[in-house]
Trainee: 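Sharing a structure here in structure tokens format.
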Amino acid sequence: MRPTHLDHTDTLELPVTGDGPFNALHTFWKPSHYLTGLEAHTETRSWRTFRVDDLVVGVRLLAEDRTVIADVYTDGDYKPAHRDHLIRRLIASYGLDENLAEFTELAAGVPQMRDVLRALSGMRQSCPEDHFEIAVIALLLQNVTIHRTTQMTRNLLVHHGRLVHFDGITLRAWFTPTEIAQVTPETLKEQDRLGFRAKSLPHYAAFFREHTTEDLQAADDLGEAVQQIKGVGPYTAAVIASHASRDPAAFGIDVWNRKILARRILDADDAAPEAVTRRLNQLFPGRAGTAGLYFVEHEYLNAPVAPLLDPDGIDAWNEALERPTP
DNA sequence: AGCCAGGTAATCC
DNA sequence: GGATTACATGGC
């Protein structure tokens with residue numbers, strides 16, 4: 001599979017305007033995130049793809065103190081509107097304008113959060129995915145092991161996404177709702193191995209083709225709105241709200257983070273989801289989502305799901321993505 | 001073999 | 001309403 005070459009078209013300097021500390025590495029790279037091929041990280045740099053309208057965009061990110069330098073690579077006509085859109089997208093994706101001081105002060109007073117804060121202070125939630133893309137991620141997480149989620153994600157991106165090369169790195173890029181809407185449920189089931197999700201994905205595509213991120217940001221009750229989609233329940237709705245809409249109070253609880261949080265805040269191997277949520281809200285009023293993020297990332301800090309790339313390993317990374325899949 | 005994964009919807013009482 | 005149960009798939 002030969003990647004599309006993206007040309008360098010822009011450099012953006014984005015100041016971190018939100019208050020509180022800023023930790024660039026852990027804002028860009030999350031130790032708990034599974035491997036998608038949509039992004040790659042070394043200690044000092046990150047690469048990520050975005051779909052901006054129909055444009056495929058590659059971004060190389062690095063931080064100098066409290067300024068994020070984003071080098072932009074594109075495959076087509078990069079217009080001022082694309083630039084504006086991308087600037088807003090990057091600021092929102094990494095929470096550069098979000099205030100973290102209040103959470104950090106709150107967390108400093110919670111004993112269970114002490115070590116976590118020492119390791120991760122300044123981490124902001126990362127969600128380079130838009131509403132549609134994060135909904136698809138959440139769909140692929142439903143009732144399967146992370147191994148199968150990774151497998152289904154790879155199938156979808158290899159068969160229906162893009163492969164691009166820029167700044168020396170090869171990455172995959174998302175399909176748009178319109179693009180995936182062309183694919184039949186039979187293909188999604190038989191070729192992409194989505195199981196019962198094959199019936200849901202077309203509903204997701206139809207909904208998010210009608211309702212853009214801009215529309216949804218204005219939604220009265222986003223959770224209620226997206227639960228109209230077949231295959232979106234409380235968990236997926238909370239993931240969308242907490243990640244794409246960055247609601248610091250929203251927290252999508254599942255059997256995975258439930259066990260992590262039970263140990264961290266209830267001193268138990270497991271607990272009822274209501275008990276976990278209640279305690280999390282009690283300790284971090286209005287900031288349950290942020291607190292959950294910190295606990296979960298800390299859990300994986302010493303054994304990341306997708307470890308940082310060694311700069312010498314980039315050729316091997318590129319070859320792995322460009323190799324035809326069996 | 002059978003159970004269970006980073007859930008959801010349909011179908012019970 | 002709240003408690004089952006089927007839903008696809010694949011790994012252990």
Side-chain angles (χ1 to χ4, degrees), chain A residues 30-36 38 125-127 129 131-159 183-208 222-244 247 250-266 268-278 280 288-301 303-306 325-326:
Chain A
K30 293 296 186 285
S32 85
H33 285 193
Y34 72 91
L35 195 67
T36 61
L38 294 163
Q125 172 149 267
S126 60
C127 184
E129 279 73 26
H131 284 69
F132 168 65
E133 293 159 355
I134 199 66
V136 174
I137 296 272
L139 171 68
L140 300 180
L141 289 168
Q142 290 172 9
N143 203 45
V144 285
T145 54
I146 206 63
H147 178 264
R148 249 194 53 74
T149 301
T150 306
Q151 191 175 293
M152 291 187 285
T153 305
R154 178 164 41 78
N155 289 344
L156 286 178
L157 292 176
V158 166
H159 297 142
V183 183
T184 65
E186 291 71 33
T187 302
L188 295 173
K189 185 165 151 69
E190 285 154 30
Q191 177 191 235
D192 303 318
R193 314 306 296 156
L194 290 203
F196 59 78
R197 297 160 199 77
K199 292 194 284 263
S200 305
L201 186 50
H203 294 298
Y204 282 45
F207 180 88
F208 288 102
L222 180 70
E224 201 174 305
V226 294
Q227 286 192 61
Q228 301 310 307
I229 309 167
K230 243 198 182 20
V232 174
Y235 169 72
T236 302
V239 170
I240 296 170
S242 95
H243 287 70
D247 176 354
F251 186 69
I253 191 155
D254 55 39
V255 300
W256 170 63
N257 55 37
R258 189 186 74 209
K259 289 174 187 168
I260 294 172
L261 291 172
R263 281 199 304 278
R264 298 283 183 141
I265 60 177
L266 294 173
D269 285 338
D270 201 354
E274 300 77 24
V276 172
T277 304
R278 196 182 323 119
L280 197 58
T290 309
L293 172 76
Y294 272 70
F295 282 124
V296 167
E297 295 312 325
H298 190 249
E299 187 83 11
Y300 284 88
L301 192 53
V305 179
T325 48

Trainee: Under 4.0 Å: is that the gap between some side-chain N or O of A:Lys199 and OP1 or OP2 of C:dA8?
Mentor: yes
Trainee: For B:dT8, take OP1 and OP2 only and decide whether either is under 4.0 Å from a side-chain N or O of A:Ser200.
Mentor: no
Trainee: Work out which heavy atom in A:His203 is nearest to a heavy atom in A:Lys230; give both atom names and the distance.
Mentor: CD2-CB, 3.7 Å
Trainee: Once you round it to whole Å, what is the distance between C1' of B:dT8 and CG of A:Leu201?
Mentor: 15 Å
Trainee: Considering only NZ, NE, NH1 and NH2 on the basic side and carboxylate oxygens on the acidic side, decide whether A:Asp270 and A:Arg258 come within less than 4.0 Å.
Mentor: yes
Trainee: Contact class for A:Ile137 (heavy atom, under 4.0 Å): base, sugar-phosphate, or nothing?
Mentor: nothing
Trainee: Mind checking A:Arg193 for me? I need base, sugar-phosphate or nothing, with any heavy atom below 4.0 Å counting as a touch.
Mentor: sugar-phosphate
Trainee: Without decimals, in angstroms, what is the distance between A:Arg263 CZ and B:dG6 P?
Mentor: 13 Å
Trainee: Indicate whether OP1 or OP2 belonging to C:dC7 is found under 4.0 Å from a side-chain N or O atom of A:Lys189.
Mentor: no
Trainee: In whole Å, what is the span from the CD atom of A:Gln228 to the P atom of B:dT8?
Mentor: 14 Å
Trainee: Assuming nearest nucleotide by heavy-atom distance, tell me which of A:Ala237 and A:Lys259 is located more 5' along DNA chain B.
Mentor: A:Lys259
Trainee: Does any non-hydrogen side-chain atom of A:Leu293 lie less than 4.5 Å from one of A:Phe251?
Mentor: no
Trainee: Which nucleotide sits closest to the side chain of A:Asn143: C:dG10, B:dT8, C:dA8?
Mentor: C:dA8
Trainee: Provide the closest heavy-atom pair for A:Ala262 versus A:Ala271 in the form atom of the first, atom of the second, distance.
Mentor: CB-N, 3.9 Å
Trainee: Using a heavy-atom cut-off of under 4.0 Å over every strand shown, decide if A:Ser32 touches base, sugar-phosphate, or nothing.
Mentor: base
Trainee: In this structure, how many angstroms lie between the P atom of C:dT9 and the CG atom of A:Leu156, rounded?
Mentor: 14 Å
Trainee: What contact category does A:Val232 fall into here, base, sugar-phosphate, or nothing, at under 4.0 angstrom with non-hydrogen atoms?
Mentor: sugar-phosphate
Trainee: Picking from B:dG6, B:dA10, C:dG10, which would you name as closest to the side chain of A:Trp256?
Mentor: B:dG6
Trainee: How close or far is atom C1' of B:dG6 from atom CE of A:Met152, stated in whole angstroms?
Mentor: 11 Å
Trainee: Stacking here means centres under 5.5 Å and planes under 30°; does A:Phe196 stack on C:dA8?
Mentor: no
Trainee: Between A:Gln142 and A:His147, who's closer to the 5' end of DNA chain C by nearest nucleotide?
Mentor: A:Gln142
Trainee: To the nearest angstrom, how far is A:Asp192 atom CG from C:dG10 atom P?
Mentor: 12 Å
